[in-house]
Amino acid sequence: MIKADCIVAGCRELATCRGPVPKRREALRDIGLIERAWVAGLDGTIVFVGTEDEFRKTVQPVEGAVRVEADGLVGFPGFVDSHTHLPFAGSRADEFSLRIQGWTYRELAAEGMGIRSTVRATRAASRDEIRDLCLVRLDEMLLHGTTTAEAKSGYGLNLPDEIKQLEAVREAAGRHPVDLIPTFMGAHEIPDEYSDRREDYIDLLIHTIGPAVRDQGLARFFDVFCEEGVFSPDETERLAEAALSAGFGLKVHTDEFVALGGTELAARLGAVSAEHLIAITDAGIAALAGSDTAAILLPNVPFFLMQEKKAPARRLIEAGAAVALATDFNPGSSMTSNMQWIVQLGVFQMHMTIEEALNAATANGAYAVREHGRAGRLEPGKNLDLVLADIPSVADLVYRLGRNPVKTVLKNGRVVVEDGRIIPPP
Ligand code: NIG
Ligand code: FE
C-alpha cells in the first residue's frame, strides 16, 4: 500500500494536466480529466491520483492524515505564472489616466514616464517595503490559485537597487507559500543617468551587476527587453551571450511592439522563453516551433494597452510552439496578477480552447520557468499544489466571469487557503 498524509477526496472533476511537457499541438488540448477523482500526497509530494476505487485498493492514509473534502468542487494544478514584475514600488494610475485620454504607452515612455517612473519609485523604497509589497501581492495571487510565480527585477537599474529588489523577492519567498523563481532584468531599460552612454550601461550589466547577482545566487534567469527604443538585437545578443556564459538561463521580452528578430535570436541562443510575441513574424513562429524555447503569451498586455493586435496564439499552437500563458503583472502594461483572468483572455481574445489555456497556465507555465519537474501537473512525483474551485465544471473557469471561485488551495500538501481565506503557517 502507498502511504499518504494528505488526502483530497472526491473532486467532481479534476484537470490533472498530466503527461509529457512541453505540451504542443493536440497534446495541449488534453487536460487529463478525471471525474470523481481522489488525490493523495506524502511529505508534500503527490503519491496517487485516480478514482475512489483505485484509492481504496492502493492507498493507506497514515494516522493523523489531513483529509480535504472536495465533494462538488473542481480541481486543477496551482497556476504557474511564468512572467511577472512582482517587486516594484509606486503606482502608475496617473499615467493610466493619460492613456485613457489617448496617449500611448510608448509615447509616455518617451516622455520619461513608463518604466523609468517605476524605477524612481522603486529606488526610493527600502528593501523591507518592497518585500512587504510582494507579500501582499503574493496573498492575492494565492487566493486566485497561483502557487508558483516568476519574479523579475528591472526597476532598480543600478547595482544596489537591482540587488535590493532581488533580496526583497528572496525574503518574500522565505515567508510565503507561493514558490518564487527570480529573474534578473537589469536589461529592462537604459536608466536616465546612462541615456547618452548606453554602452557603459551594457558594460555595467555584463561586468558588474550580472556577476554580483550570480555570485549571491539571487536569480536563475537573465531577461532582456529587446524592442525598438530599448535594447537592439545586437545589444540583446551581447547581453545574452554574457548571461549564458555566466550560467544564467535566458529569457527575452521580444516582439511586444515591433518585430526586430529578437524571437529568432532567442530560439537560436537556446533561450528558455521568448515573451510577449504580439508582433511576431512567420519566421519567429517557425523559429519557436522548431525549438525548446517556450512562447510565453501575455494577453492582458494588449487588453490593458487597449491595442487591437494580439499574439497569434492559434498560429503558434498549430505550428507546434510550446505556448504558455502568464500575467506580466507590472504597474504599466498589466496591472493584474490573476491567472484566471489570463486563462479567460486566452480564450476570449486569442481563441485558445479552455483546455489549451489551462495547460498553458499550468504544465507549460512550469516548463517556461523550468519548474516542470515539480510544478504544473497533478501526477505522482510532483508537488501537491492543487486548487479546488466552486464551479460545476472545468469549462466554468472561463464561462463564468468576474468572480473568484477558488475555495481551497494546497501548497506542498498543506492547506494554505480554506473557504477562500489564507491560512497562516502553523
Ligand atoms: O513586460 N515590456 C517591458 N516590461 C513590462 C512593462 C513594464 C512597465 O511598463 O513597467 C512588460 O510589458
Ligand atoms: Fe514583462
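Each ligand, and each atom within it, is numbered from 1 in the order the structure gives. If you read the sequence from its start, that first residue is 1, and numbering goes on from there.
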> Relative to the heavy atoms of N330, which atoms of ligand 1 are at a distance of less than 4.0 Å?
Replying inline: 5 (C), 6 (C), 7 (C), 8 (C), 9 (O), 10 (O), 11 (C), 12 (O)

>> Test of understanding: given a 4.0 Å heavy-atom threshold, classify the contact between H83 and ligand 1 as side chain, backbone, both, or neither.
In response: side chain

>> Quick one, Y105 and F257 - any side-chain contact, counting heavy atoms below 4.5 Å?
In response: yes

>> Under a plain distance cut-off of 3.5 Å, with no hydrogens placed, do Q340 and H144 share a side-chain donor-acceptor pair?
In response: no

>> Tell me the protein heavy atom at minimum distance from atom 3 (C) of ligand 1, and give that distance in Å.
In response: F225 CE2, 3.3 Å

>> Looking only at protein heavy atoms, which one is nearest to atom 12 (O) of ligand 1, and what is the separation?
In response: S333 OG, 2.6 Å

> Strictly by modelled atom types, are H253 and H83 linked by a side-chain donor-acceptor pair under 3.5 Å?
Replying inline: yes

>> Could you walk me through whether L384 and C6 satisfy the side chain to side chain contact (heavy atoms under 4.5 Å, CB included) test, starting with their C-alpha distance in whole Å, then the side-chain angles of each, then the deciding distance to 0.1 Å, before giving a yes or no?
In response: CA-CA 9 Å; L384 210 184; C6 176; 3.8 Å; yes

>> Using a 3.5 Å distance criterion without hydrogens, assess whether the side chain of R24 forms a donor-acceptor pair with backbone atoms of G320.
In response: yes

> Under 2.8 Å from the Fe ion (ligand 2), is there an N/O/S atom belonging to D328?
Replying inline: yes

>> Whether the N383 and N412 side chains hold a donor-acceptor pair (N or O, under 3.5 Å, no angle test) is what I'd like checked.
In response: yes

> What atoms of ligand 1 come within less than 4.0 Å of a heavy atom belonging to H188?
Replying inline: 3 (C), 4 (N), 5 (C), 7 (C)

> Centre of Y194's six-membered ring, under 6.0 Å away, within 45 degrees of the axis: is that where NZ or CZ of R198 sits?
Replying inline: no

> Counting backbone and side chain alike, does H85 bring an N/O/S atom below 2.8 Å of the Fe ion (ligand 2)?
Replying inline: yes

>> Taking side-chain contact (heavy atoms from CB on, under 4.5 Å) as the criterion, tell me which of L358, L325, T148, L142 meets it with F79.
In response: L358

> Going by the order shown, which atoms of ligand 1 are within less than 4.0 Å of some heavy atom of D328?
Replying inline: 1 (O), 11 (C), 12 (O)

>> Taking 4.0 angstrom as the limit and counting only heavy atoms of Y155, give me the atoms of ligand 1 inside it, by number and element.
In response: 7 (C), 8 (C), 10 (O)

> Nearest to atom 6 (C) of ligand 1, what protein heavy atom do you find, and at what distance?
Replying inline: Y105 OH, 3.1 Å

>> Quick one about D328 and S334 (side-chain donor to acceptor, distance below 3.5 Å, no hydrogens or angles considered), yes or no?
In response: no

>> Polar contacts were defined as any N/O atom of the residue lying under 3.5 Å from an N/O atom of the ligand; does this apply to T118 and ligand 1?
In response: no

>> Within the 4.0 Å heavy-atom shell around R92, which atoms of ligand 1 are there?
In response: 8 (C), 9 (O), 10 (O)

>> For the backbone of R12 and the side chain of E35, can you confirm whether one donor and one acceptor N or O come within less than 3.5 Å of each other?
In response: no

> How does F88 reach ligand 1, if at all, at less than 4.0 Å between non-hydrogen atoms: by side chain, backbone, both, or neither?
Replying inline: neither

>> Is the contact between E227 and ligand 1 made by the side chain, the backbone, both, or neither, using heavy atoms and a 4.0 Å cut-off?
In response: neither

>> With no hydrogens and no angle check, just 3.5 Å: does a side-chain donor-acceptor pair link T183 and E150?
In response: yes

>> With heavy-atom distances below 4.0 Å as the criterion, list the atoms of ligand 1 near H85.
In response: 1 (O), 4 (N), 5 (C), 11 (C)

>> Suppose I only count heavy atoms of I115 and a 4.0 Å limit; which atoms of ligand 1 are within that range?
In response: 7 (C), 8 (C), 9 (O), 10 (O)

>> Can you name the atoms of ligand 1, numbered from 1 with element, that are less than 4.0 Å from a heavy atom of E256?
In response: 2 (N), 3 (C), 12 (O)

> When you draw lines from the Fe ion (ligand 2) to NE2 of H253 and to NE2 of H83, what angle lies between them, to the nearest 10°?
Replying inline: 90°

